Amino acid sequence: MSGRQVKIMARIRPLINGEAEDDGMNIVRESGKSYIVVNNPKDVSRSTTFPFTSCYGQDSTQEEIFQNEVEPMIDVVYSGVTVTIFAYGVTSSGKTHTMQGTKSQPGIIPRAVNAVFSRRTENTTLSVSYMEIYKDEVYDLLVERENAPKLPVRENQQGKVFVANQVSIEIQTEDDFNTAYSDVTLLNKLTVTIGKLNLVDLAGSENNKLTGNDASRMAESSAINKSLSVLGQVVHALNQGASRIPYRNSKLTRILQDALGGSSLGLLICNIAPTLKHRQDTINTLNFASRAKNIENKLVVNQKGKYIYIVHPSSFPS
Ligand SMILES: Nc1ncnc2c1ncn2[C@@H]1O[C@H](COP(=O)(O)OP(=O)(O)OP(=O)(O)O)[C@@H](O)[C@H]1O
């Protein structure tokens with residue numbers, strides 16, 4: 001992580017649902033560097049190349065991603081460092097597979113929880129809370145939806161940002177976590193915070209087509225669009241060492257301010273689909289990553305919804 005606060009990596013998912021192999025993209029590895037080349041079938045000379053510190057191809061495994069990218073970060077969590085891991089990409093690009101996975105191919109969240117439990121001492125307790133950001137307002141998902149009040153985002157005297165009035169439940173075992181987790185997975189999209197480890201599964205980004213005349217949907221799209229766009233600006237500003245980081249411009253970045261800033265480490269995973277059909281989405285996602293890396297590009301993103309799930313370990317003196 002030397003010096004860089006947010007590392008950016010890419011993962012190309014395998015072909016699914018009868019998709020045919022085509023020459024949509026390939027990974028080039030040269031002199032210790034790796035690049036994703038997004039091909040332009042009409043004009044090969046206009047293919048686009050995106051450099052990444054780490055690229056994972058269609059045959060990558062959940063295990064190697066966890067071992068290479070995530071496990072070293074978990075090792076520092078108990079030493080007090082905040083780590084935030086984001087999965088970003090369009091619908092069906094593999095975000096949920098990467099973060100959550102399946103029973104036979106568990107992803108980052110269950111592996112990270114397992115790793116956190118295995119490093120826990122007798123004096124550590126874990127509790128969970130979870131919340132949703134919807135139209136830039138925060139709701140408690142442990143409270144019945146109809147009764148759920150908007151939760152205020154506050155700052156304590158030390159300037160630490162927190163979500164006030166949140167319900168949290170203690171978990172004693174990994175099974176307790178799995179029970180809570182299986183409930184929350186019904187909710188589609190989530191963020192997990194394990195103490196000082198935040199695992200963030202952003203909802204699908206897609207081209208921002210604000211069509212139709214459904215005012216509520218348009219408000220939703222535009223709030224989501226803004227929060228992702230601000231996230232890009234925050235990641236970019238952190239990487240640049242800027243003096244002003246625009247955390248306050250959205251609830252998502254405000255809540256993650258403590259996680260993203262200071263001495264924290266981050267990993268942004270860009271999930272992409274392999275075929276030419278997804279070419280424009282892929283370019284949008286990689287542009288998002290590039291923007292964070294200060295490569296000149298434009299960003300147009302949209303996102304459907306956002307849920308946040310938090311596990312807090314606390315240590316007590318023995
Ligand atoms: N690395 C992978 N290996 C095997 N299958 C994968 C992989 N990545 C994605 N898939 C499969 O591709 C499909 C879409 O992936 P996934 O549901 O993770 O996408 P998503 O980005 O979370 O989409 P959405 O934003 O719509 O929730 C799923 O059926 C998933 O199992």
Side-chain angles (χ1 to χ4, degrees), residues 8-22 24-27 34 36 52 54-70 85-112 130 132-134 141 181-192 199-209 217 220-221 223-225 227-228 231-232 252 267-289 299-309:
I8 302 170
M9 59 153 268
R11 185 184 198 186
I12 304 173
R13 72 151 166 75
L15 299 165
I16 53 166
N17 303 333
E19 285 171 341
E21 181 78 56
D22 61 27
M25 69 184 68
N26 53 293
I27 295 177
S34 47
I36 290 182
F52 278 92
S54 305
C55 291
Y56 291 86
Q58 293 191 36
D59 54 358
S60 68
T61 64
Q62 304 282 67
E63 191 170 23
E64 71 180 299
I65 288 179
F66 184 74
Q67 278 178 358
N68 295 346
E69 307 293 340
V70 181
I85 301 176
F86 296 95
Y88 180 90
V90 296
T91 290
S92 143
S93 58
K95 297 177 302 296
T96 302
H97 185 84
T98 298
M99 295 306 294
Q100 180 185 314
T102 59
K103 248 202 160 82
S104 61
Q105 295 180 60
I108 288 172
I109 292 170
R111 286 171 196 268
Y130 43 106
E132 171 191 15
I133 299 176
Y134 182 70
L141 291 178
Y181 183 61
S182 61
D183 286 345
V184 81
T185 54
L186 297 174
L187 294 167
N188 226 352
K189 286 295 136 198
L190 49 105
T191 297
V192 176
L199 301 174
V200 183
D201 182 356
L202 293 172
S205 63
E206 50 231 34
N207 288 325
N208 195 2
K209 295 184 190 117
R217 259 211 66 130
E220 188 181 323
S221 289
I224 287 160
N225 197 29
S227 87
L228 273 189
L231 175 62
L252 173 67
L267 173 68
L268 174 64
I269 303 170
C270 295
N271 288 99
I272 50 183
T275 62
L276 281 169
K277 192 179 93 184
H278 300 97
R279 186 169 179 278
Q280 194 51 52
D281 286 335
T282 296
I283 287 175
N284 287 346
T285 296
L286 297 179
N287 279 344
F288 174 80
L299 169 72
V300 182
V301 285
N302 186 15
Q303 186 191 14
K304 281 181 299 194
K306 174 104 225 80
Y307 297 91
I308 290 187
Y309 181 40

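Computed from a predicted structure; not experimentally measured. Every number for a ligand or one of its atoms is a count from 1 in the order of the listing. Note that the numbering runs from 1 along the sequence shown for the chain.
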Visitor: For ligand 1, which atoms, with element, lie under 4.0 Å from some heavy atom of Gly94?
Guide: 8 (N), 9 (C), 15 (O), 16 (P), 18 (O), 19 (O), 20 (P), 21 (O)
Visitor: Test your reading of the model: is there a side-chain donor-acceptor pair from Lys95 to the backbone of Gly89, 3.5 Å cut-off?
Guide: yes
Visitor: Below 3.5 Å, N or O to N or O, backbone or side chain included: is there any such pair between His97 and ligand 1?
Guide: yes
Visitor: Closer than 4.0 angstrom: is that true for some heavy atom of Val90 and an atom of ligand 1?
Guide: yes
Visitor: Within ligand 1, which atoms have a heavy atom of Thr96 less than 4.0 Å away?
Guide: 18 (O), 20 (P), 22 (O), 27 (O)
Visitor: Below 4.0 Å from any atom of ligand 1, is there a heavy atom belonging to Ile16?
Guide: yes
Visitor: Any atom of ligand 1 sitting under 4.0 Å from a heavy atom of Gln58?
Guide: no
Visitor: Tell me whether Arg13 contacts the main-chain N or O of Asn271 through its side chain, where contact means a donor paired with an acceptor under 3.5 Å.
Guide: no
Visitor: Ignoring hydrogens and angles, tell me if any N or O in the side chain of Ser34 forms a donor-acceptor pair with the backbone of Phe52 under 3.5 Å.
Guide: yes
Visitor: Just going by heavy-atom distances, which of Gly107, Ser92, Ala87 is nearest to atom 23 (O) of ligand 1?
Guide: Ser92
Visitor: Are any of the N/O atoms in Gln105 less than 3.5 Å from those in ligand 1?
Guide: no
Visitor: Can you name the atoms of ligand 1, numbered from 1 with element, that are less than 4.0 Å from a heavy atom of Pro14?
Guide: 1 (N), 2 (C), 3 (N), 4 (C), 7 (C)
Visitor: Kindly say whether Val90 contributes a backbone atom to a donor-acceptor pair with the side chain of Asp281 at under 3.5 angstrom?
Guide: no
Visitor: Rounded to the nearest 0.5 Å, how far apart are CE of Met9 and OG of Ser60?
Guide: 7.5 Å
Visitor: Just jot down the ligand 1 atoms closer than 4.0 angstrom to any heavy atom of Arg13, in number order.
Guide: 8 (N), 9 (C), 12 (O)
Visitor: If you round to the nearest 0.5 Å, how far is CZ of Arg11 from CD1 of Ile36?
Guide: 12.0 Å
Visitor: Relative to the heavy atoms of Ser93, which atoms of ligand 1 are at a distance of less than 4.0 Å?
Guide: 19 (O), 20 (P), 21 (O)
Visitor: So, does Gln62 use its side chain to make a donor-acceptor pair with the main chain of His97 at under 3.5 Å?
Guide: yes
Visitor: Does any N or O in the side chain of Glu19 come within less than 3.5 Å of the main-chain N or O of Ile16, such that one atom is a donor and the other an acceptor?
Guide: yes
